[in-house]
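Read through the structure below, which is laid out as structure tokens, and then see the notes.
In the text below, chain A, chain B and the rest are named by the order of the sequence lines, each starting its count at 1.
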Amino acid sequence: MGLGAKRTLTRLFFIKFFFNSAKVTHLKVPSYLCKMNTKLSEQEILRRESLEALRKEGINPYPAEEVPVNVLSETIKQEFPIKPEKYTSVCVAGRVMTKRIMGKASFLSIKDSSGRIQAYINRDVVCPGEDKTLYNVVFKKQLDIGDFVSLKGHVFTTKTEEISIHVSELKLLSKALKPLPVVKTDSQGEKHDEFNDPELRYRQRYVDLIVNEGVKEVFVKRTQVFNTMREVFNEKGYLEVETPILQSIPGGAAARPFMTHHNTLDMPLYLRISNELYLKRLIVGGFDGVYEFAKDFRNEGMDRTHNPEFTILEIYVAYKDYKWMMEFTESMFEKIARKTTGSAEVSFDGKKINLAAPYQRVPILEAIKTHTGFDLIDKNEAEIKKIAESLDVETSPDMGKGKVIDAIFGDKCEKYYVQPTFITDYPIEMSPLCKKHRDDERLTERFELFINGTEIANAYSELNDPIDQKERFEDQLGLQEKGDDEAMFIDKDFLRSLEYGMPPTSGMGIGMDRLVMLLTGKTSIQEVIFFPQMRPEKNE
RNA sequence: GACUCGAUAGCUCAGCUGGUAGAGCAAUACACUUUUAAUGUAUGGGUCCUGGGUUCGAGCCCCAGUCGGGUCACCA
């Protein structure tokens with residue numbers, strides 16, 4: 001028996017076993033995955049006909065050969081005016097975006113990764129002999145907006161002073177079977193027929209990226225932000241690491257997890273809500289600084305600022321405290337803003353936000369005192385709940401003291417912190433993984449960075465006293481019994497790691513999607529995530 | 001989850017007190033050898049989101065649902 005056959009048999013057995021297993025109920029294929037909608041529009045039929053016609057003419061609409069591209073459109077536009085002699089023989093490739101046919105001459109514009117450039121096609125240049133088929137049929141009739149082509153020729157400037165490619169050779173690289181929305185911009189810069197239905201834009205992001213200028217830029221900036229942070233961390237010698245996404249105990253944050261099941265181990269697993277406890281284990285293991293750009297998953301509501309999967313940067317640095325982290329953060333944010341937007345001041349939602357360091361620091365209880373008049377220090381849970389009610393802040397019996405304080409701050413205070421502000425020194429009940437404040441046992445060494453009334457970062461002097469940590473987890477257990485379904489689970493292995501000793505450490509998490517929103521001026525998280533979560537499209 | 005707005009041609013949108021659907025772009029055909037929201041002439045293109053109901057008759061009115069946007073709630 002050959003190896004392949006054996007493997008097939010094994011697989012058959014596996015599949016049989018798999019589908020016989022009563023536990024695997026979630027694998028039933030939903031109906032929206034079953035059928036392909038094959039109804040074609042008039043334009044789709046015509047394009048398929050062109051495709052066949054091209055094949056009959058001996059033109060492969062999907063050729064395999066490498067394309068000898070030697071320049072990008074943007075480079076041509078920038079350099080041609082200065083060094084025209086360099087552009088007597090170019091080859092560019094890209095997608096046809098517009099086509100203007102004027103008898104024996106035509107213009108088209110193509111889009112490559114750098115931008116758009118116009119090309120001029122003259123029939124008798126492209127078809128020097130008797131046979132004008134390539135121009136009259138292939139170019140004029142069978143080439144559509146959306147197709148990929150390569151163009152060889154020289155660069156020149158048209159009468160209307162647009163830098164263009166004078167084409168001597170045109171080759172089809174890939175035929176498009178669906179018509180592209182044609183977005184036009186007039187001389188006033190006004191957009192016409194913009195592809196702007198958010199549902200279509202997010203579901204078909206590829207189309208959004210093709211036809212809507214500026215979308216790509218947002219995502220390029222997103223990567224720039226990540227890269228700038230990597231630079232800052234790597235310069236300091238911190239190590240980029242990866243930690244489990246599938247966790248048996250979803251720890252490190254207060255949130256509802258997604259649940260899944262591992263068949264071989266026959267056990268539940270959770271998609272991580274945070275990687276905090278794993279990164280701290282690495283500090284125990286002897287790394288001085290570790291960081292991870294982590295996809296986290298929270299099974300909660302979705303809105304303009306929440307996607308079920310989102311990206312957090314978490315960083316942990318040994319021998320530092322939260323005060324150091326504040327300075328580190330404000331200088332890094334200033335650097336990121338300057339690098340990605342060219343200025344420390346960014347515009348967001350009609351507001352000017354200045355990211356230049358340093359940022360104001362306000363203890364949370366002071367913030368509450370300022371904006372509500374109530375001093376919550378030394379107040380017990382019942383008293384604080386009473387105050388909350390008097391402020392029209394909703395509370396429920398399952399909320400502990402920490403959550404009530406959080407609710408008061410969230411409702412009455414955070415909106416005022418438009419300019420970057422470190423809110424510091426949270427009450428101990430709100431921060432089960434954070435070290436007690438060096439000057440006040442009722443508080444913790446924690447800050448959250450608020451910008452435009454939204455939390456962007458959260459940081460601690462990390463709790464490294466294993467006995468204190470155990471007690472804090474046990475307090476969370478109490479909250480769980482009260483009905484708080486977000487209270488943290490006890491992670492015994494994490495406690496064990498702390499018992500081996502963790503150096504004093506400061507750690508921070510930054511909501512990357514929200515940071516990118518801020519730096520790109522986007523008010524919806526869906527604008528900064530390539531493929532935001534959506535319900536499946538209906539079929540038929 | 002609640003409220004609210006929306007879904008009509010490939011795209012963007014009109015569509016009157018209910019009377020068998022329109023425009024621009026895109027497409028097709030013809031003309032045009034430096035245009036640029038190219039232009040001119042002609043043409044084709046529709047499950048009006050789905051399912052019920054009211055009505056002689058529904059894109060429009062009523063009910064239920066689907067998907068999406070916004071606001072709020074939940075939530076970092």
Can you figure out which of [options] approaches the side chain of [X] most closely?
| X | options | answer |
| --- | --- | --- |
| A/Tyr202 | B/G69, B/U12, B/C75 | B/G69 |
| A/Leu46 | B/A27, B/U34, B/A26 | B/A27 |
| A/Met102 | B/G69, B/C25, B/C32 | B/C32 |
| A/Arg256 | B/C74, B/C32, B/C25 | B/C74 |
| A/Arg203 | B/U12, B/U34, B/C67 | B/C67 |

- Query: Just checking, any donor-acceptor pair under 3.5 angstrom between side chains of A/Thr243 and A/Glu292?
  - Reply: yes

- Gap between atoms NE2 and C1', on A/His166 and B/U33 respectively (whole Å): 10 Å

- Message: A quick test of your reading: do over 12 heavy atoms of other residues, nucleotides or ligands sit less than 6.0 Å from CD of A/Glu217?
- Response: no

Looking for any heavy atom pair under 4.0 Å, which part of the strands does [X] touch: base, sugar-phosphate only, or nothing?
| X | value |
| --- | --- |
| A/Leu180 | nothing |
| A/Arg298 | sugar-phosphate |
| A/Glu162 | base |
| A/Asp406 | base |
| A/Ala255 | sugar-phosphate |
| A/Gln188 | nothing |
| A/Tyr120 | base |
| A/Glu455 | base |
| A/Glu448 | base |
| A/Lys141 | sugar-phosphate |
| A/Arg535 | sugar-phosphate |
| A/Arg514 | nothing |
| A/Glu44 | nothing |
| A/Arg47 | nothing |

- Message: Would the distance check show the side chain of A/Arg272 and the main-chain N or O of A/Gln247 forming a donor-acceptor pair, the cut-off being under 3.5 Å?
- Response: no

Can you tell me the base-pairing partner of [N]? Count Watson-Crick or G-U wobble geometry only, both distances below 3.5 Å, and say none if there is no partner.
| N | answer |
| --- | --- |
| B/G18 | none |
| B/A64 | B/U50 |
| B/G59 | none |
| B/U71 | B/A2 |
| B/C30 | B/G40 |
| B/G10 | B/C25 |

- Classify the side chain of A/Glu42 versus the base of B/A27 as yes if they form a donor-acceptor pair under 3.5 Å and no if they do not. no

- Has the side chain of A/His192 got a donor or acceptor atom sitting under 3.5 Å from an opposite partner on the base of B/C25? no

- Item | Lys/Arg-Asp/Glu bridge criterion (N-O < 4.0 Å) met for A/Glu381, A/Lys385 | yes

[X] vs [N]: side-chain N/O to OP1/OP2 distance below 4.0 Å:
| X | N | result |
| --- | --- | --- |
| A/Arg100 | B/U35 | no |
| A/Lys184 | B/A26 | yes |
| A/Gln526 | B/G69 | yes |
| A/Arg304 | B/U71 | yes |

- Note on the structure: side-chain hydrogen bond (donor to acceptor under 3.5 Å, both in side chains) test vs A/Tyr322 passes for just one of A/Thr444, A/Asp425, A/Thr424, namely A/Asp425

Heteroatom pairs (N/O) under 3.5 angstrom, protein to nucleotides 4-9 of chain B:
none

- Task: Assign the ring pair A/Phe473 / A/Phe494 to parallel, tilted or perpendicular, where the plane angle (0 to 90°) is split at 30° and 60°.
- Result: perpendicular

- Query: Taking the six-membered ring for Trp, are A/Tyr416 and A/His371 parallel (under 30°), tilted (30 to 60°) or perpendicular (over 60°)?
  - Reply: parallel

- Item | Residue whose closest nucleotide on RNA chain B lies nearer the 5' end, A/Asn196 versus A/Phe156 | A/Asn196

- Item | Residue closer to the 5' end of RNA chain B, A/Gly301 versus A/Ala105 (nearest nucleotide) | A/Ala105

Show me the side-chain donor-acceptor pairs of residues 163-172 of chain A shorter than 3.5 Å, one per line, residues at least two apart or across chains.
unit_1   : atom_1 : unit_2   : atom_2 : d
A/Ser164 : OG     : A/Gln118 : NE2    : 3.0
A/Ser164 : OG     : A/Glu162 : O      : 2.9
A/Ser168 : OG     : A/Lys152 : O      : 3.2
A/Lys171 : NZ     : A/Glu65  : OE1    : 2.8

- Item | Same-atom distance (C1') from B/G59 to B/G18, integer angstrom | 10 Å

- Query: Has A/Lys132 got its NZ or CZ under 6.0 Å from the middle of the six-membered ring of A/Phe139, at an angle within 45 degrees of the ring axis?
  - Reply: no

- Message: Are A/Phe447 and A/Phe422, when compared by the centres of their aromatic rings, separated by less than 6.0 Å?
- Response: yes

